[in-house]
2 protein chains.
Amino acid sequence: MTPDDFHLSSFLPYRLAVLSERVSRRLSVEYGRTHGLAVAEWRVMVHLLRCGAVSVRDIHNCVNLEKPRVSRAVSRLEAEGLVQKTQGEGDGRLVAISLTDAGRRALADIIPAATQIEGHLTGAVSAEDLATFFRVMERMHAVLDDDPEAKPRTVMDLDRDAKMMPSPV
Amino acid sequence: MTPDDFHLSSFLPYRLAVLSERVSRRLSVEYGRTHGLAVAEWRVMVHLLRCGAVSVRDIHNCVNLEKPRVSRAVSRLEAEGLVQKTQGEGDGRLVAISLTDAGRRALADIIPAATQIEGHLTGAVSAEDLATFFRVMERMHAVLDDDPEAKPRTVMDLDRDAKMMPSPV
DNA sequence: CCAAACTCGTTGCATTTGAAATGATATTGA
DNA sequence: TCAATATCATTTCAAATGCAACGAGTTTGG
């Protein structure tokens with residue numbers, strides 16, 4: 001365990017960061033060039049497509065973005081007419097955020113391109129290896145779930161992955 | 001391929017980003033709390049441990065950090081006495097950056113802890129699955145290598161991973 | 001009924017960030 | 001030789017980031 005044997009390029013956290021950042025950048029070239037979106041805005045819009053009118057807090061709890069970041073992303077999207085904010089029904093604090101038609105059109109444009117990029121990446125490996133890949137990712141998440149020093153997963157990520165886990169009693 | 005079927009939580013780039021960020025954060029709790037280091041500083045130091053006295057450009061080319069970020073990380077490390085800068089020998093532009101004894105001591109302290117965290121993550125899966133995991137990562141990198149829109153890999157990452165690839169003619 | 005405690009979205013503020021510009025040095029080519 | 005070009009590290013500057021604080025609204029408990 002000599003420190004001298006330690007290589008950054010074979011260190012798991014580093015390798016994850018490098019691949020993730022590279023993939024993320026490649027993707028943002030796509031929706032950045034075509035619609036001027038940044039990562040936060042992309043995540044917000046995709047979430048809205050599935051969940052309709054939701055609050056800032058809800059988005060924050062689902063797509064791994066800090067609250068101020070969601071708030072500002074929504075503001076930008078509203079300024080570009082891709083999203084609309086309406087005062088919440090019962091609770092006066094909540095804001096109901098939803099896609100506009102223009103927003104839906106933008107997504108209809110971007111999602112196929114995003115899916116295609118994902119397809120290029122996943123298409124290079126067998127279905128079996130890909131399944132193993134995601135299983136390993138889930139195992140690592142599970143390790144972090146048990147680590148009090150790690151930040152908890154969002155409900156959404158947990159629910160999604162938990163479906164593949166043995167039911168926790 | 002209806003856009004409505006699109007789930008963020010099963011989208012590869014998103015999943016990579018979430019896991020990577022979670023792992024990275026967990027790790028930085030470690031070296032942040034014990035030695036006040038940020039990610040950039042950590043990467044710089046680890047690189048110096050292996051490569052001795054090198055230039056800013058060299059670090060930039062190896063550890064996936066923008067040049068200004070390396071420059072600032074080095075300044076901070078120098079201010080804390082973990083690193084020293086000396087004027088390059090032949091070329092007056094270059095700066096030779098190297099670890100101080102205090103820097104080596106700090107690494108001797110941090111690396112075992114970092115390795116342990118990595119071990120927790122990798123220990124949760126079989127060696128075979130882990131090998132598949134890394135192989136899939138390399139395949140995805142290879143896809144991006146062929147994509148003109150993607151940012152090229154650093155020499156170091158490329159060399160490391162290329163070793164596992166069929167020799168390119 | 002109302003004050004304390006909580007939750008919501010936003011904003012202030014200090015820090016970080018990266019692209020482009022800068023100043024200094026090296027290299028090239030005429 | 002010496003201008004033009006290239007490379008190196010740093011700095012500038014505008015934008016992004018995230019923690020903490022805030023004001024507004026809601027719930028709770030006495």
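Protein chains get the first letters and strands the later ones, always in sequence-line order, with residue 1 at the start of each. Keep in mind the model is a prediction, meaning the values are calculated, not measured.
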(message) Judged by each residue's nearest nucleotide on DNA chain D, which is more toward the 5′ side, B:Lys85 or B:Arg25?
(response) B:Lys85
(request) Return the set of residues passing side chain to side chain donor-acceptor pair (under 3.5 Å) with A:Arg135 (not counting sequence neighbours), or none when no residue passes. (result) A:Thr132, B:Asp129
(request) Not counting sequence neighbours, list each pair that qualifies as a salt bridge (charged side-chain N to carboxylate O under 4.0 Å, His left out) and has a residue in residues 102-128 of chain A. (result) A:Asp101-A:Arg104
(message) Taking side chain to side chain donor-acceptor pair (under 3.5 Å) as the definition, give me every residue that meets it alongside A:Glu66, ordered by chain and number, with sequence neighbours left out.
(response) A:Lys151
(request) Inspect the contact between B:Arg139 and B:Asp145 and indicate whether a charged nitrogen and a carboxylate oxygen are less than 4.0 angstrom apart. (result) no
(message) Going 5' to 3' along DNA chain D, between which two nucleotides do contacts with chain A fall, using a heavy-atom cut-off of 4.0 Å?
(response) D:dA16 to D:dT26
(message) Suppose we screen for ring pair (Phe, Tyr, Trp, His ring centres under 6.0 Å). Which residues come up paired with B:Tyr14, at least two apart in sequence or across chains?
(response) none
(request) Strictly below 4.0 Å, heavy-atom distances to any atom of DNA chain D: list the hits from residues 27-43 of chain A, or just say none. (result) none
(message) Counting only heavy atoms and a strict 4.0 angstrom limit, can you tell me which residues of residues 16-24 of chain A come near DNA chain D?
(response) none
(request) Looking at every strand, decide which applies to A:Arg72 at a 4.0 Å heavy-atom threshold: base, sugar-phosphate, or nothing. (result) base
(request) Please list, by residue number, the residues of residues 53-60 of chain A whose heavy atoms come closer than 4.0 Å to an atom of DNA chain C; answer none if no residue qualifies. (result) A:Ser55, A:Val56, A:Arg57
(request) Would you please name every residue forming a side-chain contact (heavy atoms from CB on, under 4.5 Å) with B:Glu149, sequence neighbours left out? (result) A:Arg26, A:Val29, A:Arg33, B:Asp147
(request) Give the first and the last nucleotide of DNA chain C, reading 5' to 3', that has any atom under 4.0 Å from a heavy atom of chain A. (result) C:dT7 to C:dA19
(request) Check ring pair (Phe, Tyr, Trp, His ring centres under 6.0 Å) between A:Phe11 and all other residues, then give those that pass, not counting sequence neighbours. (result) A:Phe6, B:Trp42
(request) Flag yes if A:Val143 and B:Leu16 sit in one hydrophobic cluster, no otherwise; membership is Ile, Leu, Val, Met, Phe, Trp, Tyr, and two members link when side-chain heavy atoms are under 4.5 Å apart. (result) yes
(message) Less than 3.5 Å apart, any donor N or O on the side chain of A:Ser55 or A:Asp58 sitting next to an acceptor on the other?
(response) no
(request) Would you list the pairs meeting salt bridge (charged side-chain N to carboxylate O under 4.0 Å, His left out) in which at least one residue belongs to residues 72-86 of chain B, sequence neighbours left out? (result) B:Glu41-B:Arg76, B:Glu78-B:Lys85
